[in-house]
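In what follows, a single structure is set out as structure tokens and then discussed.
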2 protein chains.
Amino acid sequence: MAFLLSQVGAHAARRFAERVSAIGLSAPEAGLMGQIAAAPGISQQALAEHVCILPSRIVALIDGLQAKSLVERRASSEDRRSYALHLTERGRQMLGDMWRIAAEHEEGLCAALSRAERAQLAELCRRIADQQGLTPGVHPGFKQL
Amino acid sequence: MAFLLSQVGAHAARRFAERVSAIGLSAPEAGLMGQIAAAPGISQQALAEHVCILPSRIVALIDGLQAKSLVERRASSEDRRSYALHLTERGRQMLGDMWRIAAEHEEGLCAALSRAERAQLAELCRRIADQQGLTPGVHPGFKQL
DNA sequence: TATTGTTATACTCTATAACTATA
DNA sequence: TATAGTTATAGAGTATAACAATA
């Protein structure tokens, strides 16, 4: 059963990655944009700690998002060492597309289940996630150790 | 919800990998040993196709398992190009340990759920897996394209 | 002295193509 | 000519350490 969960989960992640690649995003990029939207002005270090990615990887990911004009690094007012990360207008539009794609993905993935069954599945997964200490909204795919 | 599934699934995979590493196996190695046990004498090509790993990666994985004396490559009687893969006696013992670890893992992962709820979760996941065309026992973690 | 962002580096995983020996 | 196994190689992803600017 643990295998089954892992199997379905990996399949879901893979299909989502395929879908968002259509708008030029990788899954980690999409996840990071969601986190920045949820905490505008966050620093790279704080973001790295929150999603458990190494700071060196954050740099590369933000570089990519900045090159696509989806995220901007603003100078922080308090600490001249750090940046305040924000989505650009284009980034916000892209995030909207991303959520539309996520909804389609969800619909496709759960096609075999009724609404009631989907709610039931969500509740069981949520109970496991809570008990296992998973941070809501943070994918363990990025996690060292 | 798709995200939740992927999150819990990735967590499950990660914890399993940590657990089997205690007996010196990686998760792909453990999976491959299970497949060989289920189809003794299978060739590397057939194995590669079945689990959707590239033949070149199979070579490296089987090299590793052979170096640990868990798998042996016997000469095929029909086709001198191909090998027939078998678990060694030590490999069978190791697979037993692996199943014990998998059972512990399952118990730990589902600690938040009652027996009835686990069965319910398994059934819902199985329905998704069937409808999505996932091969039972084959993890999409190894899958190109 | 410690911290933020960054670069350099290494190791694994994954993917492609080319080679060899058989068929 | 096609196939099984193999090798070489290149590209991601991930981890470590070290560096410059600032605190």
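Below, chains carry the letters A, B, ... as their sequence lines are ordered, and counting in each starts from 1.
With hydrogens and angles ignored, no donor-acceptor pair closer than 3.5 Å exists between the side chain of Ser56(B) and the base of dT14(C).
Looking at Glu123(B) and Arg127(B), a side-chain N of the basic residue comes within less than 4.0 Å of a carboxylate O on the acidic one, giving a salt bridge. Under 4.0 Å is where a charged nitrogen must lie from a carboxylate oxygen, and between Glu107(A) and Arg100(A) no such pair does.
Not one side-chain nitrogen or oxygen of Arg73(B) sits closer than 4.0 Å to the OP1 or OP2 atom of dA4(D). Residue Arg80(B) has no polar side-chain atom (N or O) positioned under 4.0 Å from OP1 or OP2 of dA21(C). Between Arg81(B) and dA21(C) there is no side-chain N or O to OP1 or OP2 distance below 4.0 Å.
We find that CD1 of Ile53(B) is positioned 15 Å from C1' of dG5(D), with the value rounded to whole Å. Rounding to whole angstrom units, CZ of residue Arg14(A) and C1' of dT14(C) are separated by 11 Å. Atom CD1 of Ile42(B) and atom P of dA4(D) are 12 Å apart (whole Å). The interatomic distance linking Gln45(A) (CD) with dA21(D) (P) rounds to 18 Å, in whole Å. The nearest whole Å value for the distance from the CG atom in Asp63(A) to the P atom in dT6(C) is 7 Å. Arg74(A) has its CZ atom 15 Å from the P atom of dG5(C), to the nearest Å. Protein atom CG of Leu54(A) is 16 Å distant from nucleotide atom P of dT7(C), rounded to whole Å. Between the CG atom of Leu47(A) and the P atom of dT4(C) there is a distance of 13 Å, rounded to whole Å.
Of the candidates dG5(C), dA17(D), dT6(D), dT6(D) carries the atom nearest the Pro55(B) side chain, counting heavy atoms from C-beta on. With dG5(C), dT16(C), dT22(C) as the choices, the nucleotide that has an atom nearest any side-chain atom of Asp79(B) turns out to be dT22(C). Closest to the side chain of Tyr83(A), out of dG5(D), dT16(D), dG5(C), is dG5(C). Distances from the side chain of Ser43(A) to the nucleotides dA23(D), dG5(C), dG5(D) place dG5(C) closest. Side chain of Arg57(B), nearest nucleotide from dC13(C), dT6(C), dG5(C): dC13(C).
Residues Arg73(A) and Leu85(A) form a side-chain contact, since some pair of their non-hydrogen atoms from C-beta on lies under 4.5 Å apart.
Without hydrogens or angle criteria, Arg118(B) side chain to Cys110(B) main chain gives a donor-acceptor distance under 3.5 Å.
Along DNA chain C, the nucleotide nearest to Gln44(A) and the one nearest to Glu78(B) differ in position, and the one closer to the 5' end is contacted by Gln44(A). Of the residues near DNA chain D, Ser26(A) and Val59(B), the one whose nearest nucleotide (by heavy atom distance) lies more toward the 5' end is Val59(B).
Using the six-membered ring where Trp is involved, Phe3(B) and His139(A) have ring planes that are perpendicular, over 60° apart on the 30 and 60° scheme.
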